[in-house]
2 protein chains.
Amino acid sequence: MPEGEYDLLRLENQLCFPLYVCAKEVVGKYRPLLDALGITYTQYIAMMVLWERRSVRAKELGEMLFLDSGTLTPMLKKMEAKGYVTRSRDPGDERSLIVAATDEGMALREKAKEVPYRVGSCIPLSPEDALALQGILGRMMASFRAERSPSPMLLPVS
Amino acid sequence: MPEGEYDLLRLENQLCFPLYVCAKEVVGKYRPLLDALGITYTQYIAMMVLWERRSVRAKELGEMLFLDSGTLTPMLKKMEAKGYVTRSRDPGDERSLIVAATDEGMALREKAKEVPYRVGSCIPLSPEDALALQGILGRMMASFRAERSPSPMLLPVS
DNA sequence: ATAATTTTAATTGCATACAATTTAATTGTA
DNA sequence: TACAATTAAATTGTATGCAATTAAAATTAT
């Protein structure tokens, strides 16, 4: 077992690198399938939210997807141009953007139904590993979410 | 246990989504640390290869990092502009680009030594989960690599 | 009520990523 | 040897992603 001075800087000793690679590769598996629907992966996860709720405030969508306005704004405008969503202001708070699925956007859901099966079939993962992975990543993502929303258990000092 | 028609299209039932989010979040943890070195995460993993080998063909680097020339070419030019690598053609095959670390690039290794510790400390993962994750992602990445290099066990037909 | 603060999107700038194409060099073949 | 096929980078075009800033609306404090 090597334990050199720079051992933790070796690519094969990283945890982050396989995470980065696997995420890219898996997202890449969606590409040909989503091409058929005319959407990208980022647009797909946004539509998942809308398929469930029909509409959502941009702020909340960003929190759910871990994306900020710099990514969401242009992406949602593209989705609007494609006719899958509408963008409108909340009359009660003109700062907020309401994103809603159009009928055409809702119709995509039917075409997307096969996607999870087809992607699953080309992810090289045993059922046990898939289950374990889901658990680990789920806990990890929950921690990240908690970091972002610092619940103020105590009053701020001063 | 809900099993609706569209249940596999719910965000919370995805395996890919937490993978995508966790990869982004973890890479994000590197950002402030690598800012101090003047490099990005992609540049960091490229330097990891060069710190070990001093030089590598661009083709091989792309295979190791799962990146193509469309990503590598501009990134390596930036690294060259920063003085961390040199780009030169292989005299034996003018198509190949040889990427080599400069002394300054090699010196970055010393400054980077702390990075893995500091990142590790802010990744919300138990030691057991980290170990399991490394195993699962390692197997997964190996499968993706195998997909890419189709070892021709049999002669092609015709 | 008015000013200061906060909140939410939008914008700007920079760095990936990847598909598809192009260019140059090399190899295989008739 | 010519010529076709292959290979490796580079280029082009599109879509993220995120930090930092800006702009507008709403809230809070005075």
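The chains referred to below are lettered A, B, ... by the order of the sequence lines, with proteins before strands, and numbering in each begins at 1. Being a predicted model, the structure only gives us computed values, none of them experimental.
Screening residues 113-122 of chain A for salt bridge (Lys or Arg N to Asp or Glu O under 4.0 Å), with sequence neighbours left out, gives A:Glu110-A:Lys113, A:Lys113-B:Glu5. Here salt bridge (Lys or Arg N to Asp or Glu O under 4.0 Å) pairs that include residues 69-82 of chain B, with residues two or more places apart or in two chains, are B:Glu80-B:Arg87. Residue pairs meeting the salt bridge (Lys or Arg N to Asp or Glu O under 4.0 Å) criterion with at least one member in residues 23-44 of chain A, sequence neighbours excluded: A:Glu25-B:Arg148, A:Lys29-B:Glu147.
Between A:Tyr20 and B:Tyr41, the distance from one ring center to the other falls under 6.0 angstrom.
Within the shown strands, D:dT1 is the pairing partner of C:dA30 under the Watson-Crick or G-U definition, both distances less than 3.5 Å.
Taking every nucleotide of DNA chain D with any atom under 4.0 Å from a non-hydrogen atom of chain B, the first and last of them, 5' to 3', are D:dT7 to D:dC18.
Between B:Arg57 and B:Asp90 there is no salt bridge, since no side-chain nitrogen of the basic residue lies less than 4.0 Å from a carboxylate oxygen of the acidic one.
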Practice task
Could you encode protein contacts along nucleotides 8-18 of chain C as a string, one character per nucleotide from 5' to 3', using B for base contact, S for sugar-phosphate-only contact and - for no contact, with a heavy-atom cut-off of under 4.0 Å?
Solution key: SSBB---SSBB

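In this structure, B:Tyr84 has no ring pair (Phe, Tyr, Trp, His ring centres under 6.0 Å) partners at least two apart in sequence or on a different chain.
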Practice task
For A:Val56 and A:Leu50, run side chain to side chain contact (heavy atoms under 4.5 Å, CB included): C-alpha distance rounded to whole Å, both residues' side-chain angles, the deciding distance at 0.1 Å, then the answer.
Solution key: CA-CA 7 Å; A:Val56 65; A:Leu50 292 174; 3.8 Å; yes

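Using the six-membered ring where Trp is involved, B:Tyr30 and B:Tyr44 have ring planes that are tilted, between 30° and 60° apart.
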